[in-house]
Novice: 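Below you'll find the structure I mean.
Note on naming: letters A, B, ... go to the chains in the order of the sequence lines (proteins, then strands), and numbering restarts at 1 for each one. Heavy-atom basis, side chains included; hydrogens, waters and symmetry copies ignored.
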Amino acid sequence: AQSVTQLGSHVSVSEGALVLLRCNYSSSVPPYLFWYVQYPNQGLQLLLKYTSAATLVKGINGFEAEFKKSETSFHLTKPSAHMSDAAEYFCAVSPTGAAGNKLTFGGGTRVLVKP
Amino acid sequence: ETGVTQTPRHLVMGMTNKKSLKCEQHLGHNAMYWYKQSAKKPLELMFVYSLEERVENNSVPSRFSPECPNSSHLFLHLHTLQPEDSALYLCASSQVSQGNYGYTFGSGTRLTVV
């Protein structure tokens with residue numbers, strides 16, 4: 001079975017500082033990987049996805065993530081935090097191929113941005 | 001309308017009530033999902049419908065009953081719920097294919113059981 005672990009349920013960053021959210025996955029074969037963001041009282045919005053093309057993936061709102069097979073990681077970064085980045089972020093994994101539609105989510109990391 | 005729409009946005013119900021949550025997707029997707037999001041717990045996949053057939057039911061209590069009359073609509077019928085069922089219920093849709101392009105989520109229904 002596939003799983004993801006997000007290190008740190010809460011992260012606090014200063015406005016303008018680097019945002020780094022960690023995600024490690026467990027899978028017998030390289031999976032598809034996703035990052036979603038959830039703003040208060042909203043559903044989840046797709047930030048970016050890795051589907052076995054380029055290992056460095058750029059998403060919306062200035063976020064990017066790098067797939068590292070040797071580390072089984074897919075960490076999310078943004079060079080400079082903005083107040084609007086305060087939200088909860090979820091990493092998710094799915095199998096590839098025809099069965100590749102089931103998403104398994106991590107526990108989420110809540111980001112607080114300090115002025 | 002576009003995307004995935006969930007109604008109502010908020011629902012308060014007594015433990016003896018019967019209510020339904022509705023989800024509608026306007027994306028032409030062929031799979032729909034119900035997730036439960038409780039405070040301090042990971043997202044829990046409840047039900048999966050692919051091509052209008054239920055393909056997954058993750059040990060969800062029978063007081064939750066899903067219905068998928070067509071590929072655009074998904075319902076979650078609720079009856080005799082417990083206070084611990086209070087949560088945000090999220091609907092999502094996707095296109096089942098060889099590639100996974102991710103899910104599109106609705107804004108959720110915030111359910112409070114009193």
Novice: Using a 4.5 angstrom heavy-atom cutoff, name the option from A:G108, A:S9, A:G43 with the most pairs to chain B.
Specialist: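 Answer, by heavy-atom pair count under 4.5 Å with chain B: A:G43.
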Novice: Taking atom CG of B:L45 and atom OG1 of A:T104, what is their separation to the nearest 0.5 Å?
Specialist: 8.0 Å
Novice: Under 4.5 Å between side-chain heavy atoms, hopping through other hydrophobics if needed: is there a path connecting B:M32 to B:L76?
Specialist: yes
Novice: If Ile, Leu, Val, Met, Phe, Trp and Tyr residues are connected whenever their side-chain heavy atoms lie under 4.5 Å apart, and connections chain through other members, are A:V93 and A:F105 in the same group?
Specialist: no
Novice: With the side chain counted from C-beta on, respond yes when A:Q42 and B:L88 share a heavy-atom pair under 4.5 Å apart, and no when they do not.
Specialist: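 In short, these two side chains do not touch, never coming nearer than 4.5 Å.
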Novice: Please state whether the side chain, the backbone, both or neither of A:Q38 comes within less than 4.5 Å of a heavy atom of chain B.
Specialist: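 Contact with chain B is through the side chain of A:Q38 alone.
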Novice: Looking at A:Y36 and B:Y103, would you say the former's side chain and the latter's main chain have a donor-acceptor pair under 3.5 Å?
Specialist: yes
Novice: Is there a path of hydrophobic side-chain contacts, each under 4.5 Å between heavy atoms of I, L, V, M, F, W or Y residues, that connects B:Y35 with B:F75?
Specialist: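 Hydrophobic grouping puts B:Y35 apart from B:F75.
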Novice: Using a cut-off of under 4.5 Å on heavy-atom pairs, state which of B:P42, B:S107, B:A92, B:S50 scores highest against chain A.
Specialist: B:S107
Novice: Do A:L47 and A:F90 share a hydrophobic cluster (ILVMFWY, side-chain heavy atoms under 4.5 Å, transitive)?
Specialist: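 In one cluster with A:L47: A:F90, no.
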Novice: Could you tell me if the side chain of A:L44 sits less than 4.5 Å from the side chain of B:L43, heavy atoms only?
Specialist: yes
Novice: So if you build clusters from Ile, Leu, Val, Met, Phe, Trp, Tyr with side-chain heavy-atom gaps below 4.5 Å, do B:W34 and B:F105 land together?
Specialist: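 Unlinked, B:W34 and B:F105 end up in two clusters.
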Novice: Given that the side chain runs from C-beta out, which part of B:Q37 has a heavy atom under 4.5 Å from chain A: side chain, backbone, both or neither?
Specialist: side chain
